[in-house]
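What follows is a single structure, written as structure tokens, with notes after it.
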Amino acid sequence: MSSKNRKRTASSSSSAEEPDSEEESRLKDLRERDEFANRLKQRDEDRTRKVVEATGGRKAIEEATKRLKLEHEDRDKIVPHLRVQSRRQYLEKRKDDKVAELEADILDDEYLFNDDVLTERERQDRRYKKQLLNIAKEHEKARELERVQRYHMPQDLKKGERSEYVEVDEFEQQPNSEQKKWEAEQLASARFQFGAKDAKAEEEYELLLDDQIDFIQALTLDGSREKASKEPELTETERKRMTLDETRRSLPVYPFKDDLIAAVKEHQVLIIEGETGSGKTTQVPQYLVEAGFTKDKKMIGCTQPRRVAAMSVAARVAEEMGVKLGNEVGYSIRFEDCTSDRTILKYMTDGTLHREFLSEPDLGSYSVMIIDEAHERTLHTDILFGLVKDIARFRPELKLLISSATLDAEKFSAFFDDAPIFRIPGRRYPVDIFYTKAPEADYIDACCVSVLQIHATQPLGDILVFLTGQDEIETCQEVLQDRVKRLGSKIRELIVIPVYANLPSDMQAKIFEPTPPNARKVILATNIAETSLTIDNIIYVIDPGFAKQNNFNSRTGMESLMVVPISKASANQRAGRAGRTAPGKCFRLYTAWAYKHELEENTVPEICRINLGNAVLMLKALGINDLIHFDFLDPPPHETLVLALEQLYALGALNHHGELTKLGRRMAEFPVDPMMGKMLLASEKYKCSEEMVTIAAMLSVNSAIFYRPKDKIIHADTARKNFNHMHGDHLSLLQVYNQWAETDYSTQWCYENFIQYRSMKRARDVREQLVGLMQRVEIDMVSCLPETINVRKASTAGYFYHVARLSKGGNYKTIKHNQTVMIHPNSSLFEELPRWVLYHELVFTSKEYMRQVIEIESKWLLEVAPHYYKAKELEDSTNKKMPKGAGRAEMTQ
DNA sequence: GAGCACTGC
């Protein structure tokens, strides 16, 4: 490391040194880099051989089946518990209702009839009722007291018992929770009202009809199944009765089998355009196997944007081909490689293939590569396009299939030198599209009204509503449940179910439960339902036309999560969700004019919106030096690329010729941001690899570690404070992980400390992978605890770019851009305000916040990045501006 | 004193 620093210094202070030694050290580094790469390759080959000996992949399969089984068992354990919970909640609610009813009853009674006009029996009855009410109230009071006094922290729970706070969320979501009742009361009393109070009830019911939104039908999304009357639809049970072979033959691709094989044989690149449900993902690879594309021990690869898809499709195809998953048909995703030497058909995520390029840049073991769901334009598919196009030029025998839904096919074809397009009809029912006559001011409210409107006027069938986030979903759920309750038996039962990615999986599973007869399900979902989750039996879709999108500003290096209008492609995708099992309807909460004139044609592809540090490093590691002219389907903004290159240079991953250094080659092995990669490699020098790996893993599960249930915020916060480390959040995270590890990764411990088990489990997976990679880049695992200065120094070695200094008024200024930023209120340093801090990321929400912060000393910057910082600019006394030009360090070691 | 759409390696 120190030799590198010297070299960098030398290269930047130019004329002082002889050019020869600079050139020499560059060449030496390149030589070392290549030797390192060769060692990696050698090791990979050895490992593959070992897998073959160990009767290939069986372990992975066992692991996979074990995992599936475990999840299943988990659910079985949880479901009865959930039932008890919901019953309890129901009883609670009912009790509240009954008590309120009784109270109203007595009041009415007293108001209407004087005591003396009553008969003795009536008087007795009244007394009895009053007594009952008193008892109920006393009981409630006692319980209230008990609740306060006898509140026990979750650790008091006996072993095996589930902590209660998991479901509390649900309790709070109930329309009748105490807090909500109180709020509603306050609101009601604060409102100015005309007329008699009891007249209001009437109005409320009228509202359902009064408030209606006018929709006009504009067009119909064509379905390919309109002739459904001619060929009677197969029900699910009928389909099950069919043999696998019959099912395969009933798919829309089947008639095109021979044509398709012929087309693949004739052309090197083929674009396949087909709707979901055409069977292309499962069938096309099988056809190619039958056609003999895997004869010479080469594989057919098929990429998917999502892990679940890769796994489930592989399982399905294995079943159809009558082989065991992991043998001839396998899948490969992060943390799980379920393939063997016998595998000829391999499903994988696009990111996995992207990684595979590092060890096999020519895709030598594949005869066909299928890139599926290309229209989704994930970062990885977009980069794969460029790579794969390049390879196709010097491997003429490699076949490429790019498969996509409609619209984009022409663009793909143009990119791949006018490759022919093969069209396969899909299987979808028509969807009628409705627009509002006038724009809606409040789309949440409009959603609720529309749902009730559909519920009251349209035939049965489930509704899917697209909202932007958890917050909106919760509000909408409350409003709906409240209004439904008030409408009472005037309408049929309406079941409201939320879905978003952060929702615990057993709650998510509820969307798949069948709707009871004569009831209707409303699913309130985020974008998760646009692609990731397919829910059957949706007939109606409500689309307000918004989504949350992450954008990266390469000028400031800041990310921001904003609500933006969706694109036309996205709107059509959403509408399509209504026509999967029967003709459907889609209600768009914007005008037809807005659709036509205000929505973009397509969503801006991910590659143009995010930080490309890691992607650029990877491409460099693949030997692609001229990134500015890399063949992108949609080139990312120039500044993003420049920023990424600059950062890589500053980190020492590239030399001044823009070539990858040995350090850079090692960094590329890690599936993390380059700064984090550098941090991990720096741990070698600072002898704290154990700690850094943990911190990296914890930082990778983005801010989803601490759990804050609404009603136990105080407890959650005190629990969190126990982990706070005086020097900052990285160390707090380290403490969380290490304490968890000490309890043998206990679930119970997580509940007790208000920590999300799911995130911790993921951190553990990531950590395991990183440990493996550390060995791969030849770093031993050592610990420096209990001393932690080196942990912070190693962090600084990676993140010296992300440093801010305290200025007047308690604000911080970033060193690089002199931009005003603040410590995030969740940070353990929020009230400390150290002079120098290092941040993991900069996010814009309501303000510019630094998230995950540690305290550092300015002299460390000179130690870890002498090429980047001058001693002068780090002087604490002066307040003068930072000289801009970086890399002109004059420091001597 | 805040607030995390969704994937993936």
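So you know, we letter chains A, B, ... as the sequences are listed, proteins then strands, and number each from 1. None of the values given here were measured: they were computed from a predicted structure.
A salt bridge does not link A:R334 to A:D765: none of the charged side-chain nitrogens sits closer than 4.0 Å to a carboxylate oxygen. A salt bridge links A:K346 with A:E356; the closest basic N to acidic carboxylate O contact falls under 4.0 Å.
Using a 4.0 Å cut-off, no side-chain N or O of A:R306 falls inside it from OP1 or OP2 of B:dC6. Within the structure, every side-chain polar atom (N or O) of A:Y500 is placed at least 4.0 Å from both OP1 and OP2 of B:dC6. One finds no side-chain N or O of A:K548 lying less than 4.0 angstrom from the OP1 or OP2 phosphate oxygen of B:dC6.
When rounded to the nearest whole Å, the span between CD of A:E376 and C1' of B:dA5 equals 14 Å. In this structure, A:L379 places its CG atom 13 Å from P of B:dG8, rounding to the nearest Å. Across the protein-nucleic acid pair, A:E831 atom CD and B:dG1 atom P stand 9 Å apart, rounded to whole Å. Regarding A:I371, its CD1 atom lies at a distance of 15 Å from the C1' atom of B:dG8, rounded to whole Å. Separating the CZ atom of A:R574 from the C1' atom of B:dA5 is a distance of 10 Å, rounded to the nearest angstrom. With rounding to whole Å, A:L699 atom CG is found 16 Å from B:dC4 atom C1'. When the P atom of B:dC4 is taken as reference, atom OH of A:Y849 falls 11 Å away, rounded to whole Å. The CZ atom of A:R720 sits 10 Å away from the C1' atom of B:dA2 (whole-angstrom rounding).
Side-chain proximity of A:T526 to B:dC4, B:dC9, B:dA5: nearest is B:dA5. Nearest nucleotide to the A:P825 side chain, out of B:dG8, B:dT7, B:dG1: B:dG1. For A:N826, counting side-chain heavy atoms from C-beta on, the closest listed nucleotide (B:dC6, B:dG1, B:dG8) is B:dG1.
Nucleotides of DNA chain B nearest to A:R762 and A:D717 differ in position, and the one nearer the 5' end is that of A:D717.
For A:Y347 (side chain) and A:T281 (main-chain N/O), a donor-acceptor pair under 3.5 Å exists by modelled atom type.
Relative ring orientation between A:H840 and A:H730 is described as perpendicular, the plane-to-plane angle rising above 60° on a 0-90° scale split at 30° and 60°.
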- Task: Test side chain to side chain donor-acceptor pair (under 3.5 Å) on A:E472 and A:Y443 and set out the steps.
- Result: CA-CA 10 Å; A:E472 274 181 22; A:Y443 66 82; 2.5 Å; yes

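Of the residues in residues 350-363 of chain A, those placing a heavy atom less than 4.0 Å from an atom of DNA chain B are A:G351, A:T352, A:R355, in numerical order.
Residue A:L561 is in base contact, counting any heavy-atom pair closer than 4.0 Å across all strands shown. At the heavy-atom level, A:R334 lies under 4.0 Å from base atoms of the strands shown. Using a 4.0 Å heavy-atom cutoff across all strands shown, A:N550 reaches at least one base atom of the nucleic acid. No contact: A:A547 has no heavy atom under 4.0 Å from any strand. Among the protein residues, A:T468 comes within range of the sugar-phosphate backbone only, with heavy atoms under 4.0 Å from sugar or phosphate atoms but none that close to a base.
In summary, the side chains of A:D729 and A:S828 do present a donor paired with an acceptor at a separation below 3.5 Å, with no hydrogens or angles considered.
The heavy-atom pair separating A:L842 from A:G557 by the smallest distance is CB-O, 4.1 Å.
Heavy atoms of other residues, nucleotides or ligands lying less than 6.0 angstrom from CG of A:D442 number more than 12.
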